[in-house]
Amino acid sequence: MAAAGSLERSFVELIGAERERPRHFREFTARVVGTASAVFGAVKYSESAGGFYYVESGKLFSVTRNRFIHWKTSGDTLELVEESLDINLLNNAVRLKFQNCSLLPSGVHVSETQNHVIILILTNQTVHRLILPHPSRMYKSELVTESQMQSIFTDIGKVDFRDPCNYQLIPTVPGLSPNSTTSAAWLSSDGEALFALPSAAGGIFVLKLPPYDIPGVASVVELKQSSVMQRLLTGWMPTAIRGDQGPSDRTLSLAVHCVEHDALIFALCQDHKLRMWSYKDQMCLMVADMLEYVPVNKELRLTAGTGHKLRLAYSPSMGLYLGIYMHAPKRGQFCIFQLVSTENNRYSLDHISSLFTSQETLVDFALTSTDIWALWHDAENQTIVKYINFEHNVAGQWNPVFMQPLPEEEIVIRDDQDPREMYLRSLFTPGRFINAALSKALQIFCRGTERNLDLSWSELKKEITLAVENELQGSVTEYEFSQDEFRTLQQEFWCKFYACCLQYQEALSHPLALHLNPLTNMVCLLKKGYLSFLAPSSLVDHLYLLPDEHLLTEDETTISDDADVARDVICLIKCLRMIGESVTMDMAVLMETSCYNLQSPEKAAEHILEDLITIDVENVMEDICSKLQEIRNPVHAIGLLIREMDYETEVEMEKGFDPAQPLNVRMNLYQLCGSSTAGYIVCRGVYKIANTRFLICRDLLILQQLLTRLGDAVSTTCGKTCKLSNLGELESSGCVEGAAGRVPSARESNLQHLSVLKLTDSGALMANKLASNPQTIMELFFHEVARKHIISHLFSQPKAPLSQTGLNWPEMITAITSYLLQLLWPSNPGCLFLECLMGNCQYVQLQDYIQLLNPWCQVNVGSCRFMLGRCYLVTGEVQKALECFCQAASEVGKEEFLDRLIRSEDGEIVSTPKLQYYTKVLSLLGIVGLPELIIQLATVAITETGDDWKSQAILRTCIFKHHLDLGHNSQAYEALTQIPDSSSQLDCLRQLVVVLCERSQLQDLVAFPYVNLHNEVVGIIESRARAVDLMTHNYYELLYAFHIYRHNYRKAGTVMFEYGMRLGREVRTLRGLEKQGNCYLAAINCLRLIRPEYAWIVQPASGAVSDRPGASPKRNHDGECTVAPSNRQIEILELEDLEKECSLARIRLTLARHDPSAIAIAGSSSAKEMVTLLVQAGLFDTAISLCQTFKLPLTPVFEGLAFKCIKLQFGGEAAQAEAWAWLAANQLSSVITTKESSATDEAWRLLSTYLERYRVQNNLYHHCVINKLLSHGVPLPNWLINSYKKVDAAELLRLYLNYDLLEEAVDLVSEYVDAVLGKGHQYFGIEFPLSATAPMVWLPYSSIDQLLQALGENSANSHNIVLSQKILDKLEDYQQKVDKATRDLLYRRDL
């Protein structure tokens, strides 16, 4: 529409109250000596408020940008708050109480110097000066990068309110007006604090405090009309009190304008005259009668003025303006003057404009060099704000401000709605009730109960619910009542609480003052309980909301350059307003419900039109029809209106600041509108626009249905209107939809998911830590994403309003809300809003939002489906999530978000876009842990691979992996066989083997056919078997079963034999030995199942550890790998060899069970080594059996047993007790355990039994036993001597000689000679003694000679001589008998 930028439009109120928690005020009390207690009946001043703006608040790169102070006074309390729209201020609210004093209305005045902010305060008894640091001096750097900073009130607790330099009692001067309600204060150019108070006689008292850093004394002067200055010095007693003034000259309103080294004091008095004094000259410079500018002033001249107000506005280019409000019953008049100065210090007023109003009670007004802003409060308790340009508005037409209405007094609840839910929704819908109203209502409702009022929004909701429910339950006296009765009772209590909230909301909404910053044109409305901001309305909203009388006088050229088109639009707007006024509450709810429930708004409009026609008793529809006849081209007018409401653009907004801008500039701009207050205001502005647009579209749809009935072809615009209706409902819901709290665990999980998707670098997904939690998803989006984009976009536009160094609030708030709506507009490129919700865990809200978009929005369809899929993942609806992900795939390559999703870090395209998309989604599903969905999605993705065998391998590997994870073994094997890449297939095969083995699902593992994979499986199992711990994993047993299943018995036997070998070598436990024996038995059984000629195996290489797969190579001293010999000899093992090994394994187990200490060495011991171990353990039977099996000599057995006998012979009782254990392990013919039989006896008997049982041809065992005994110096038992005499007496003699047993040798020789001669020959095993008829006999002459030689070596020993002689005698006797026998033999031969 034409000239939209220059149109004087209406404004709309945007509440800026914080909803998260009530503002926390730090409280301080000023106790001043000398103040009198309040007297009963004293004047009670009304509440007042005011504001202060910093001089550089409109400069773009100032620390005080968008920063201001506002305050409220009530009785003895002053509440000061510093606000910033850019940064969240800490400690920014204080409450000062002045003991025994009451603050004067408008008794607070703020000034700033280069280093300080000075607050001048007037009470009815005192004046105060508070000196605080200036914001520009609180920070070392001009560049502020924090999201929050300290307020100037942070250190106010250090202020000494009783410092005489900064406070003074107002003297009880005669003539000082005791009930004055106006005052003024200012700083002189010398730093003095000056306070002006009206006198009862019409003059002005000025109290001066010296500069805070210069010692001095306070003083008071009185300004009088007679221009005579009366100075009151110390002691406060005046020399002249009386003047020429009458009581009608009393001042009603004061204002001060500082010029160079003087101050001009303006006073509007009860006699309707304006007086101006010079403080420097202390004289009245001008008196002007205001009634001269009032048309009908006769009645006013006769009465004293009340309610007159005075405001000043200074412009460096235009000079000083005076705005005077003249109050009269039921009417009022604003007179605007410009102060004109002439020579000789003379002044006059140049009348510029007079503006008339019909409102009765003016609360406040503000003046600029071009406009008047006025605030009224009417008899119906309604707040009215208007503004007007007094220079160019010839018609005197005020521009309205559409105020925030109070919440509805009654809530209509249908039968299908829960009263509690509906009341809570109304109470906590953003923008309806402030936290303070709800908290106070809660405190009153729970009378007598201490309640914590510092509650967050969610905590307050819980407390209110609990309080109302407790009251309800406390009132119930009957235990049983119907559901209808309970519903009625519930509605009654909730209605009672709601009414209480409504009262407090109304009280806190009472207006107190306007705050206008002429530097930025920002207008604020100061109310009792909160602060609100006024923002300009858009052209469409302005026309739709404008009262009828204003619409009639609207300048048509501001709507369109074509007057006919402009008239058509105005007529169209009038028709829409008539329809809107006719729509009932039920009809409005029907349209809202239809849009929210995804039903056709067009059908709802048709239904509403039928109802309007049916109930039309005032012929409104006929009036509308007649009005429509005035529209020349309805389609064009409707199209123009729709285009004005549409924020659709074809170009996506820039996503960053211009890199050419300096860093400090970008950082400073980044803070713009960054506070929580600014975010809330902007979102309230969006809500207002969206809500109004929805109403316009609703009425427009109804009108289009009416036009269709009348035969006009407007169907082409219906679709666009329906879309805008849905958009209006959508944006409105986003502004009131609460943002869910971000749980840390959920946030971490979300960041993990986003990191998988490689989306954490997106500006929409990087969540910033805010000072307070946003209450709605719109605030969340604005703070964390949209604001940065909007500000950067505004500053990138060369003709944008923010490209200058100054700020203009109306232009700024309009631009920000407009661009925010563009970012929110679903039909525009990009989906930052949806990304923000996804990145901040707002899944429920995101799901609802997308569902509302689904029926009609065809932009970013794929992105919406993907994000909806993520929502379904979080809520556990996994099949719906999969369906959404699959639907989104069709839009890959068409939408920016999906393109960013599949973009690789290095920018290289490794596969088709769809395959990249599927890969990302599969990764996401993997993080969430949904293998079923991964399998389904990967199966779908395979259809997109075509001839890309690498991608196929990846996807089929993925399918295999998750089938295996789910325990779908058959499906996993099937997927494995379909993997086209042999390397990947082998990896998966290895994983299959390992996993199924760990799960003990060996039946499946063995039964799979492994077509073309048999050798690979065997190799994998063998490799695993040789690489892992034998007792933890059973890969050998698996391999054995694998071969048995396929009837390959030789391979099975080889596997088990190798298993047994390794068990003996590596597992030194009893369990290992047991398994070793079983392995050998299994191997034997395998060989017995095949034909004898094939019953053999190749002995597995025992080799070094490095020969086994997976083992680290062995190195020599130089660190070089040793080379294993390549000419290894192959050894064939037959069944007999396996049986021997099996026997050895059983014997090892026997030893281990008998002697656990031998387990560590028994496993890998050879048969010969085992004999030694068995002998040491006393298992002689087992040792003999082992020797016989492996054809080993029994010598070690006999030597060992002989040694044990020796030990027992000389051992104590402990040795005797221990011996019974190993004795019992050997099979004695009969064990005698009587007192007469000891363990030693049993051991000797066992030895004797073995000697008798295991005879050898050379009597080796006797020899070794005797040799062992003699070597230990043990006397030979008689049974042993007798036994050996029978078999080899000569060897016994040699043994005696070896161990120098000469006497025993002599006895043996004697006995042996006697036996040969026939005496006791049977004891020496001689069958036929010496005889001529018997065979020849012999004696061991060599041994006997050695004996004689040994005896003869020591001739001094008489005993040896005796022994030697004895042998000689024996031999001589023997020789005689031999000789005789020889002769007899010869004789016989001769015969």
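The first residue of the sequence shown is numbered 1, and numbering continues consecutively from there.
By the ring-ring contact (aromatic ring centres under 6.0 Å, His included) test, H510 pairs with H377, sequence neighbours left out. Applying the side chain to side chain contact (heavy atoms under 4.5 Å, CB included) rule to D699 yields the partners Y544, L576, I579, V583; only residues at least two apart in sequence or on another chain are considered. Under the salt bridge (Lys or Arg N to Asp or Glu O under 4.0 Å) criterion, R487 pairs with no residue, sequence neighbours left out. Listed by chain and number, the residues in a side chain to side chain contact (heavy atoms under 4.5 Å, CB included) with S74 are E47 (sequence neighbours excluded). A search for salt bridge (Lys or Arg N to Asp or Glu O under 4.0 Å) contacts involving D416 returns R414, not counting sequence neighbours.
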Pairs under 3.5 angstrom only: tabulate donor-acceptor contacts from the side chains of residues 489-502 to other protein residues two or more places apart or in another chain.
residue : atom : partner : partner atom : Å
Y498    : OH   : E408    : O            : 2.6

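Put simply, the side chain of T875 gets close to the backbone of C871: a donor and an acceptor are under 3.5 Å apart. A distance-only check finds a donor-acceptor pair linking the side chain of D378 to the backbone of E380 [under 3.5 Å]. Remark: the backbone N or O of S532 is not paired with any side-chain donor or acceptor of E13 at under 3.5 angstrom. Looking only at distances, no side-chain donor or acceptor of S426 sits under 3.5 Å from a matching main-chain atom of M422. Between the side chain of K528 and the main chain of L512, no donor-acceptor pair closer than 3.5 Å is present.
Atom-to-atom distance recorded for I444:CD1 and Y504:OH is 3.5 Å, nearest 0.5 angstrom. The CG atom of L612 sits 11.0 Å away from the NE2 atom of H607 when rounded to the nearest 0.5 Å.
Side-chain contact check for Q705 versus I608: every heavy-atom pair is 4.5 Å or farther apart. Residues M645 and C697 meet the side-chain proximity criterion, which asks for heavy atoms closer than 4.5 Å. A heavy-atom distance below 4.5 Å is not found between the side chains of E644 and I696. With a 4.5 Å cut-off on side-chain heavy atoms, N854 and C864 do not count as touching. You'll find the side chain of Y843 stays beyond 4.5 Å of the side chain of L873, heavy atoms only. Inter-residue side-chain proximity for D541 and I689 is flagged as met; some heavy-atom pair is nearer than 4.5 Å.
A donor atom on one side chain and an acceptor atom on the other are not found under 3.5 Å apart for Y680 and S675.
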